[in-house]
Amino acid sequence: MDIREYQNKALKRLNPLIANKDRESMNYACMGIIEETGEIIAELRKPLYKGNFHEKKLDKIEIMKECGDLIWYLSLVCYNNGIEIGEIEEKEDFTENNSYKKNDREVIIKKSIEMGINSSEIVREYLYVYANERNTDKLKCMILKQFYNIKELLNNLEIEFDDSLLANLNKVTNRYDKTGKSTAKMEEYEK
């Protein structure tokens with residue numbers, strides 16, 4: 001799936017409470033980036049470090065979904081800052097790195113730590129751009145780096161990047177209508 005196509009479809013369903021409010025949308029995106037990165041890392045850390053109370057198997061489907069969620073928030077940052085998301089992807093050749101074996105524990109750990117660091121840098125730069133009306137060149141580079149990290153992690157886990165996009169798009173379209181309002185009924189939340 002083309003990343004532009006993904007962004008157009010996914011962000012059409014923005015919550016109306018944040019869709020046209022710059023500061024709210026910025027805060028929402030920043031919090032989402034940190035949250036989703038943490039969820040990816042949690043999905044990786046727990047099975048990689050056995051012997052604790054959270055011991056479980058590596059859940060590639062859940063990791064794929066969480067990466068899709070992170071991509072959604074990165075897409076929102078691009079949208080909010082007038083950054084052409086396709087331009088970012090075109091700047092980097094995302095060919096598979098075959099210099100390591102698949103499901104390599106050390107690569108997975110390294111990529112997850114890099115993603116955590118980079119997410120905090122993206123948030124810091126986004127806040128700075130917003131507050132100081134600075135150009136977005138540095139922010140674009142950071143987002144590009146994070147796309148690369150996500151693709152490398154997924155590739156190492158033998159998960160297709162497009163599958164992550166499609167999983168997220170499916171989640172978004174099932175949860176929100178075309179106006180961004182939740183499709184869930186209140187009684188579902190009360191259970």
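Considering every non-hydrogen atom in both Asn118 and Met142, the closest pair reads ND2-O, 2.9 Å. Pairing each heavy atom of Thr37 with each of Ile33, the nearest pair is OG1-O, 2.7 Å. The nearest pair of heavy atoms linking Glu106 to Asp104 is N-OD1, 2.9 Å.
Within a 6.0 Å sphere centred on CZ of Arg175, heavy atoms belonging to other residues, nucleotides or ligands number 12 at most. Under a cut-off of 6.0 angstrom, the local environment of NZ in Lys60 is crowded, with over 12 non-hydrogen atoms contributed by other residues, nucleotides or ligands.
Between the side chains of Lys102 and Asn155, at least one donor N or O sits under 3.5 Å from an acceptor N or O.
No single ILVMFWY cluster, assembled from side-chain heavy atoms under 4.5 Å apart, contains both Val129 and Ile122. One hydrophobic cluster, built from ILVMFWY side chains closer than 4.5 Å, cannot hold both Met31 and Ile18; they sit in different ones. With hydrophobic clusters built from ILVMFWY side chains whose heavy atoms lie under 4.5 angstrom apart, Ile113 shares a cluster with Leu153.
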Intermediate values then yes/no, side chain to side chain contact (heavy atoms under 4.5 Å, CB included), Leu144 and Tyr148 = CA-CA 6 Å; Leu144 170 65; Tyr148 181 76; 5.7 Å; no
Verdict with reasoning, Asn156 to Lys111, per side chain to side chain contact (heavy atoms under 4.5 Å, CB included) | CA-CA 10 Å; Asn156 187 266; Lys111 282 293 153 193; over 6 Å; no
Would Leu76 and Leu14 satisfy side chain to side chain contact (heavy atoms under 4.5 Å, CB included), going step by step from the backbone distance to the final call?
-> CA-CA 9 Å; Leu76 181 58; Leu14 272 176; 3.8 Å; yes
Tyr79 and Asn8: CA distance, side-chain angles, deciding distance, side chain to side chain contact (heavy atoms under 4.5 Å, CB included) verdict | CA-CA 10 Å; Tyr79 175 81; Asn8 289 333; over 6 Å; no
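Among residue pairs with one or both ends in residues 121-136, those qualifying as side chain to side chain donor-acceptor pair (under 3.5 Å) are Asn80-Tyr126, Glu125-Arg134; sequence neighbours excluded.
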Result block: side-chain N/O donor-acceptor pairs under 3.5 angstrom for residues 66-75, not counting sequence neighbours:
from	atom 1	to	atom 2	distance (Å)
Asp69	OD1	Asn168	ND2	2.8
Asp69	OD1	Lys171	NZ	2.9
Asp69	OD2	Lys171	NZ	2.6
Trp72	NE1	Ala10	O	3.4
Ser75	OG	Ile71	O	2.9

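Remark: side-chain polar atoms of Asn170 are not paired, donor with acceptor, to backbone N or O of Leu166 under 3.5 angstrom. Between the side chain of Ser25 and the backbone N or O of Asp22 there is no donor-acceptor pair closer than 3.5 Å. Using a distance-only test at 3.5 Å, with no hydrogens or angles considered, no donor-acceptor pair links the side chain of Ser119 to the main chain of Gly116.
Separating the NZ atom in Lys65 from the OG atom in Ser164 is a distance of 11.0 Å, to the nearest 0.5 Å. Expressed to the nearest 0.5 Å, how far CE of Met1 lies from CD of Glu160 amounts to 14.0 Å. Atom CE of residue Met64 and atom CD1 of residue Ile150 lie 13.5 Å apart, to the nearest 0.5 angstrom. Atom-to-atom distance recorded for Asp59:CG and Lys46:NZ is 11.5 Å, nearest 0.5 angstrom. The distance from atom CD1 of Ile83 to atom CG of Asp137, rounded to the nearest 0.5 Å, is 9.0 Å. Distance check: Ile63 CD1 to Leu44 CG gives 4.0 Å after rounding to the nearest 0.5 Å.
Salt-bridge formation is not detected for the pair Lys145/Glu114: no Lys NZ or Arg NE/NH1/NH2 atom is positioned less than 4.0 Å from an Asp or Glu carboxylate oxygen.
Cys30 is listed as a side-chain neighbour of Leu127, based on a closest heavy-atom distance under 4.5 Å. Counting heavy atoms from C-beta on, the side chains of Ile41 and Met115 never come closer than 4.5 Å. Side-chain contact between Glu84 and Cys78: absent, with no pair of heavy atoms (C-beta onward) separated by less than 4.5 Å. Side chains of Asn149 and Gln146 form a contact here, defined as non-hydrogen atoms less than 4.5 Å apart. Within the 4.5 Å cutoff, no side-chain heavy atoms of Val123 are placed close to those of Val77. By the 4.5 Å heavy-atom criterion applied to side chains, Asp163 and Leu154 are not counted as neighbours. Between Ile143 and Phe147 there is a side-chain heavy-atom pair separated by less than 4.5 Å.
Among residues two or more places apart in sequence or in another chain, the salt bridge (Lys or Arg N to Asp or Glu O under 4.0 Å) test is passed with Lys9 by Glu5.
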